[in-house]
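Read the structure below first, then the notes.
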2 protein chains.
Amino acid sequence: MSDLLERLRGRGWRMTAQRRVVAEVLDGDHVHLTADEVHARAVTRLPEISRATVYNTLGEMVTLGEVIEVATDGRAKRYDPNAHRPHQHLVCGRCGAIRDVHPAGDPLADLPDTERFGFTISNVEVTYRGICPNCATTA
Amino acid sequence: MSDLLERLRGRGWRMTAQRRVVAEVLDGDHVHLTADEVHARAVTRLPEISRATVYNTLGEMVTLGEVIEVATDGRAKRYDPNAHRPHQHLVCGRCGAIRDVHPAGDPLADLPDTERFGFTISNVEVTYRGICPNCATTA
DNA sequence: TCCTACGATAGACATTGTCTAAGTCAAGTG
DNA sequence: CACTTGACTTAGACAATGTCTATCGTAGGA
């Protein structure tokens, strides 16, 4: 079931009920929850889990590279467990829906040396913005 | 001097000391200030300007399309007056420095129809992340 | 089973942004 | 130039998100 949980265990993580619940809540494709959404769902399974623990746990998962932090709207950060397949995001400007997408080409290759200003570039984040089909019809 | 101010006046904006100061603070290339940084600089020129006015004014400039809102770090939004030349951003993960860059190619063209899920896509945001030369040496 | 270091907790605090009610003023009108 | 009016500004309360601290609990090895 939870690949995420397996990978974390393999890294010597001390396994607690709280961490298990957070990992379970995050598991799946096209999951992009905010920290508070993760907390809300975790509470239904483990009522006494605290906000701080959710924030800590998510932060550790990000540090370990098992979860990606996405800032699509300048509001709350979202957490994406799909960290091992490179992908970009498509965001609906009206309802905020997010899809994982896989563009062709390599955006890194598109940035010539003269435009790198001596930076050592480690990754590229691409966010496509538009209106989803659902919002387009109910406009 | 302030092209930004000229364009705003041309759109029927009521010109006030506060708006003038905000526009002046934002003027220039490679300017990517947070709202509170804008406020801090505005206060040195117009001590009684309020935070709410700075937020309002920046929001209006964004609505008018004269300034772009950039969320490079999930913290405070940054405001980029260089709205009329399409460009992307290069961000230092250590010190937070931001440069405007102009990649070759069109990222929109890289997203095949099968990956658009019926969305009507209006724009693409690309953020290159890395370490700037300054931080690389003082590591 | 016992220990202990690592993890969890509640809640204060910090940062960023939004809203409201009341006062002020830019700019058109006469 | 003085008047008027509605748009603009203000202070400060409030809201949303995230961080920190001191204390308590417990996973997992000895």
Side-chain angles (χ1 to χ4, degrees), chain A residues 5-6 8-26 32-64 66-80 96, chain B residues 5-6 8-26 32-64 66-80 96:
Chain A
L5 209 50
E6 282 310 310
L8 293 170
R9 197 195 307 274
R11 286 164 179 261
W13 240 34
R14 189 156 143 182
M15 193 46 57
T16 67
Q18 291 82 352
R19 288 177 168 181
R20 193 171 3 253
V21 166
V22 170
E24 284 171 6
V25 165
L26 268 188
H32 306 90
L33 299 170
T34 66
D36 272 349
E37 285 166 356
V38 171
H39 180 241
R41 298 192 185 196
V43 160
T44 69
R45 303 190 190 200
L46 187 68
E48 69 274 25
I49 193 171
S50 79
R51 241 164 44 92
T53 295
V54 172
Y55 275 94
N56 288 341
T57 304
L58 289 172
E60 287 155 15
M61 288 173 173
V62 169
T63 299
L64 291 176
E66 295 293 344
V67 166
I68 292 173
E69 217 172 48
V70 186
T72 50
D73 62 350
R75 300 290 303 270
K77 292 173 198 159
R78 292 178 176 275
Y79 293 88
D80 182 343
Chain B
L5 209 51
E6 281 310 311
L8 293 170
R9 197 195 308 273
R11 285 165 179 262
W13 241 33
R14 189 155 142 184
M15 194 46 56
T16 67
Q18 291 84 351
R19 289 177 167 180
R20 195 174 358 256
V21 165
V22 170
E24 283 171 6
V25 165
L26 269 186
H32 305 90
L33 299 170
T34 66
D36 272 348
E37 285 166 356
V38 171
H39 180 240
R41 298 193 185 194
V43 161
T44 68
R45 304 190 188 198
L46 188 68
E48 70 275 23
I49 192 172
S50 78
R51 242 166 40 93
T53 296
V54 172
Y55 276 94
N56 288 342
T57 304
L58 290 172
E60 287 156 14
M61 288 174 173
V62 170
T63 298
L64 291 176
E66 295 293 345
V67 166
I68 291 173
E69 217 173 49
V70 186
T72 51
D73 62 350
R75 300 290 303 268
K77 291 173 198 160
R78 292 179 174 276
Y79 294 88
D80 182 342

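From a predicted model like this one, the values you see are computed outputs, not experimental measurements. In what follows, every chain begins at residue 1, and chains take the letters A, B, ... in the order their sequences are listed.
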Is any side-chain N or O of B/Tyr55 closer than 4.0 Å to OP1 or OP2 of C/dG17? yes
Report yes if a side-chain nitrogen or oxygen of A/Thr53 is closer than 4.0 Å to either non-bridging phosphate oxygen (OP1 or OP2) of C/dT9; otherwise report no. yes
Are any side-chain N or O atoms of B/His39 and backbone N or O atoms of B/Ile49, one a donor and one an acceptor, separated by less than 3.5 Å? yes
Taking atom types as they are modelled, would you say the side chain of B/Arg14 forms a donor-acceptor pair with the base of C/dC25 within the 3.5 Å cutoff? yes
Figure out the CG/C1' separation between B/Leu46 and D/dT9, and round it to whole Å. 10 Å
Please indicate whether B/Arg20 has more than 12 foreign heavy atoms, meaning atoms of other residues, nucleotides or ligands, lying under 6.0 Å from its CZ. yes
Side-chain N,O (B/Arg19) to OP1/OP2 (D/dC8) below 4.0 Å: yes
Compare all side-chain heavy atoms of B/Glu60 with those of B/Trp13 and state whether any distance is below 4.5 angstrom. yes
Using a heavy-atom cut-off of under 4.0 Å over every strand shown, decide if B/Ala76 touches base, sugar-phosphate, or nothing. sugar-phosphate
Establish, with yes or no, whether the OP1 or OP2 oxygen of C/dA8 is under 4.0 angstrom from a side-chain nitrogen or oxygen of A/Thr16. yes
For B/Arg51, report the nucleic acid contact type (base, sugar-phosphate, nothing); a contact means any heavy atom under 4.0 Å. base
Quick one: do B/Glu69 and B/Arg78 make a salt bridge, cutoff under 4.0 Å? no
Return no unless some side-chain N or O of B/Gln18 is found under 4.0 Å from OP1 or OP2 of D/dT10. yes
